[in-house]
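Before any comments, here is the structure.
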Amino acid sequence: MHHFVWEIMKSPYVEYHYNLITNKTLNNGFRRDLASRFKERQDKAEDFLIDKLEQNED
C-alpha cells in the first residue's frame, strides 16, 4: 500500500488525493497515510483547500 500512497502523492491530481483522504469507506490507516503526505504538495494543496473554503465545500 505504501507504494500506492507514494504514487498518489507524486501525481498532479490534488483533488483525487483529497477525495481519497475524505472517503470514509476506505481503510483508516490508508487514509491516515494519505493525509500525512498531503501537506507535501505544498502550494498546490494550499490553493486547492483555499478554493474549497471559498466555495464553501466540505
Side-chain angles (χ1 to χ4, degrees):
M1 191 174 337
H2 178 71
H3 178 71
F4 185 63
V5 171
W6 178 247
E7 291 300 318
I8 292 169
M9 199 281 295
K10 291 188 325 182
S11 81
Y13 306 110
V14 177
E15 186 170 5
Y16 179 65
H17 189 159
Y18 177 81
N19 288 337
L20 288 173
I21 292 167
T22 59
N23 184 338
K24 303 236 189 263
T25 65
L26 298 176
N27 176 280
N28 285 336
F30 177 61
R31 291 176 44 226
R32 192 172 32 253
D33 288 347
L34 286 169
S36 71
R37 303 308 295 248
F38 191 75
K39 64 183 175 189
E40 294 178 34
R41 291 181 171 277
Q42 300 172 349
D43 292 341
K44 290 180 183 179
E46 184 178 320
D47 292 344
F48 174 77
L49 293 174
I50 288 172
D51 186 53
K52 289 191 87 49
L53 282 171
E54 288 174 349
Q55 295 181 32
N56 198 28
E57 293 180 3
D58 289 342

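Note that the coordinates shown come from a computational prediction; the quantities given were computed from them, not determined experimentally. Because only heavy atoms are used, hydrogens play no part in the values below, and waters and symmetry mates are left out as well, while side chains stay in.
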Residue pair L20, Y16: steps toward the side-chain contact (heavy atoms from CB on, under 4.5 Å) verdict: CA-CA 6 Å; L20 288 173; Y16 179 65; 3.5 Å; yes
Nearest non-hydrogen partners of R37 and V5, listed with the distance: CG-CG1, 3.8 Å
Using side-chain contact (heavy atoms from CB on, under 4.5 Å), reason through K24 and R31 one step at a time and then give a plain yes or no. CA-CA 8 Å; K24 303 236 189 263; R31 291 176 44 226; 3.8 Å; yes
Atom CD in E46, atom CG in D51: separation rounded to 0.5 Å? 12.5 Å
In this structure, CG of D43 is separated from CD1 of I50 (nearest 0.5 Å) by 9.5 Å
Rounding to 0.5 Å, atoms CG (D47) and CD (E54) come to a distance of 9.5 Å
Euclidean distance, F38 CZ relative to K44 NZ, rounded to 0.5 Å: 11.5 Å
Reported CG-to-CD1 distance for the pair N19 and I8, which is rounded to 0.5 angstrom: 11.0 Å
Minimum heavy-atom separation for Y13 and R41, please, with both atom names. O-NH2, 3.9 Å
side-chain contact (heavy atoms from CB on, under 4.5 Å) assessment of L53 paired with F48: CA-CA 9 Å; L53 282 171; F48 174 77; over 6 Å; no
Got a second to check how far L34's CG is from Y18's OH, nearest 0.5 Å? 13.0 Å
